[in-house]
There are 2 protein chains.
Amino acid sequence: MDKQEQILKAALKLFVEFGFHGTPTSRIAQEAGVSNGTLFHYYKTKDELVVALYIYIKSNLAACMSGNRPAGETIKATFKREFIATLYWAKENPMEFRFTQQFLSSPYLSMISIDEIKKQTKHFFDLMQEAIDARVLKPLPLDLLFTLLSSHISGINQYLITSNLDAAKEQELIQTSFDLVWDMIT
Amino acid sequence: MDKQEQILKAALKLFVEFGFHGTPTSRIAQEAGVSNGTLFHYYKTKDELVVALYIYIKSNLAACMSGNRPAGETIKATFKREFIATLYWAKENPMEFRFTQQFLSSPYLSMISIDEIKKQTKHFFDLMQEAIDARVLKPLPLDLLFTLLSSHISGINQYLITSNLDAAKEQELIQTSFDLVWDMIT
DNA sequence: ATTTTTGTGGAGTGATTAGTCAATCTTTAA
DNA sequence: TTAAAGATTGACTAATCACTCCACAAAAAT
């Protein structure tokens, strides 16, 4: 019954369907089952709500990934596990995935502090640096590797969403798409 | 002095800077140096303007690419030429590139007819089909290949924009990034 | 028990916005 | 030359929106 969360959930749904511009705060409040005043009690402005939603979603994703790297796991296995986990997360949270894409290619992006972005990507940058030091990955700039990987993932995901494969085919694609990108960067 | 074009140019600039929601039609008209009425004379609604702008940009890009496939050019060379042309177009037209990304991940996307999308991508799908028939490309679904290539391109471009490389490094990256993706799909 | 803080509602407001309209100007066609 | 069609203007409007305000309720702190 956390009203803050209800508001975020409602905002997510409406933003994905109608865009940022197409969803009035009043409808968000309505969908969340709270009053207009309550919404503005928690989020001083609509922009603040949008940014809060982005950070909320990102930390959800991060929570899915971090924490449990098995001891002795090879670097490749770690990459594969996280690659696949990200794909599954996106598959199971299509609204969150779409919102993130929408947010990242909108002017809202500039409202997020660089520190916040660094914080979110640090885990992954560390992993890539480790892989380069161990001569597993090609010694490309980290930013480039990151961009290549994430655009690959979002591309695959876009495909998974639009073409409805059965579970087996989907499984297969996820596996092979990892191999494709892994060969590319090693 | 084509007022329609002035309107589209102004809209592009403002949309990229402030987003669809953040730019009133009145400001577009102002920036374009025409009256409010003129804008609505050419575009019945704001949505229609947004869609028209997308189609306008896409046909600009298409004009950069099509038409001049040299006789006897190998399939790989064709892919490479078009890959590089796309990257250069995006590099030289950053606003158009950003707008396209923003548009594609917004609900406006659904306002475009499937025919329009097919028309835009037909050239490329034909090329890929030819490459598969010639056993050059892996026999993956065309949609998947398309998604992989375009997400790779937009990833590389994002990197080119954010990290300001000098011309030589940039040239090098463009070449190697093609090889990377080519190896992936062949 | 009493005060203070925090959460909640919802009517209200001023500013803004997409879109209209009638009047003028420009071009084209006969 | 004249008429018709199209282009252009900018004031105008009805609706909408982000956000405020104040009253009250619940919980926490004293």
Side-chain angles (χ1 to χ4, degrees), chain A residues 1-57 59 95 99 102-103 105-113, chain B residues 1-57 95 99 102-103 106-113:
Chain A
M1 275 290 188
D2 185 348
K3 306 222 167 188
Q4 270 195 72
E5 215 170 329
Q6 282 172 242
I7 292 169
L8 292 179
K9 289 248 160 65
L12 172 62
K13 182 183 161 190
L14 295 171
F15 284 155
V16 168
E17 189 169 356
F18 305 106
F20 302 125
H21 73 297
T23 68
T25 49
S26 53
R27 273 198 72 188
I28 296 173
Q30 192 188 4
E31 175 88 18
V34 303
S35 75
N36 223 313
T38 302
L39 190 152
F40 282 95
H41 173 71
Y42 288 111
Y43 305 100
K44 275 189 273 292
T45 66
K46 189 182 182 181
D47 286 354
E48 196 179 305
L49 169 62
V50 172
V51 170
L53 178 55
Y54 176 76
I55 291 176
Y56 171 73
I57 288 175
S59 56
M95 288 198 303
F99 172 82
Q102 213 170 310
F103 182 91
S105 58
S106 81
Y108 280 111
L109 177 58
S110 61
M111 289 184 193
I112 288 205
S113 71
Chain B
M1 275 290 189
D2 185 347
K3 305 223 169 189
Q4 270 194 74
E5 215 170 330
Q6 282 171 242
I7 292 170
L8 291 178
K9 287 249 160 64
L12 172 63
K13 182 183 161 191
L14 295 172
F15 284 155
V16 168
E17 190 169 356
F18 305 107
F20 303 125
H21 72 299
T23 68
T25 50
S26 54
R27 274 199 72 189
I28 296 173
Q30 191 188 5
E31 175 88 19
V34 304
S35 76
N36 220 316
T38 303
L39 191 151
F40 282 96
H41 174 70
Y42 287 110
Y43 305 101
K44 274 188 273 294
T45 65
K46 188 182 181 181
D47 286 355
E48 196 179 306
L49 168 63
V50 173
V51 171
L53 177 56
Y54 177 76
I55 291 176
Y56 171 72
I57 288 176
M95 287 197 304
F99 172 82
Q102 214 170 308
F103 183 90
S106 82
Y108 281 110
L109 177 58
S110 60
M111 289 184 193
I112 287 204
S113 71

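Naming convention: chains lettered A, B, ... in sequence-line order (proteins, then strands); numbering from 1 in each chain. As the structure is a prediction and not an experimental result, all values here were calculated from the model.
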* Indicate yes or no: at least one non-hydrogen side-chain atom of B:Lys9 is less than 4.5 angstrom from one of B:Lys13. => no
Heavy atoms, side chains only, cut-off 4.5 Å: are A:Asp47 and A:Val51 in contact?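 SC-SC contact between A:Asp47 and A:Val51 ruled out.
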Whether [X] contacts [N] is assessed here as follows: a side-chain N or O lying under 4.0 Å from the phosphate OP1 or OP2. Is that the case?
X	N	answer
A:Ser35	C:dT8	no
B:Tyr43	C:dA18	no
A:His41	C:dG7	yes
B:Thr38	D:dT9	yes

[X] [atom1] to [N] [atom2], straight-line distance once rounded to whole Å:
X	N	atom1	atom2	result
B:Ile28	C:dT17	CD1	P	11 Å
A:Gln6	C:dG7	CD	C1'	13 Å
B:Gln30	D:dT8	CD	C1'	17 Å
B:Leu39	C:dC21	CG	C1'	16 Å

Anything under 30° is parallel, anything over 60° is perpendicular, the rest tilted; go ahead and classify A:Tyr108 against B:His21. parallel
**Q.** Parallel, tilted or perpendicular: rings of B:Phe20 and B:Phe103 (30°, 60°)
**A.** perpendicular
Reading nucleotides 18-27 of chain D from 5' to 3' and marking B where a protein heavy atom lies under 4.0 Å of the base, S where only the sugar-phosphate is that close, and - otherwise, the string is BBB-------
Value for NZ (A:Lys46) from OG1 (A:Thr25), rounded to nearest 0.5 Å, stands at 6.5 Å
Main-chain N/O of A:Tyr43 paired with A:Glu48 side-chain donor or acceptor, under 3.5 Å: no
Checklist entry - Counting side-chain heavy atoms from C-beta on, which of D:dT9, D:dA7, C:dG9 comes nearest to A:Lys3? => result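 For A:Lys3, the side-chain atoms sit closest to C:dG9.
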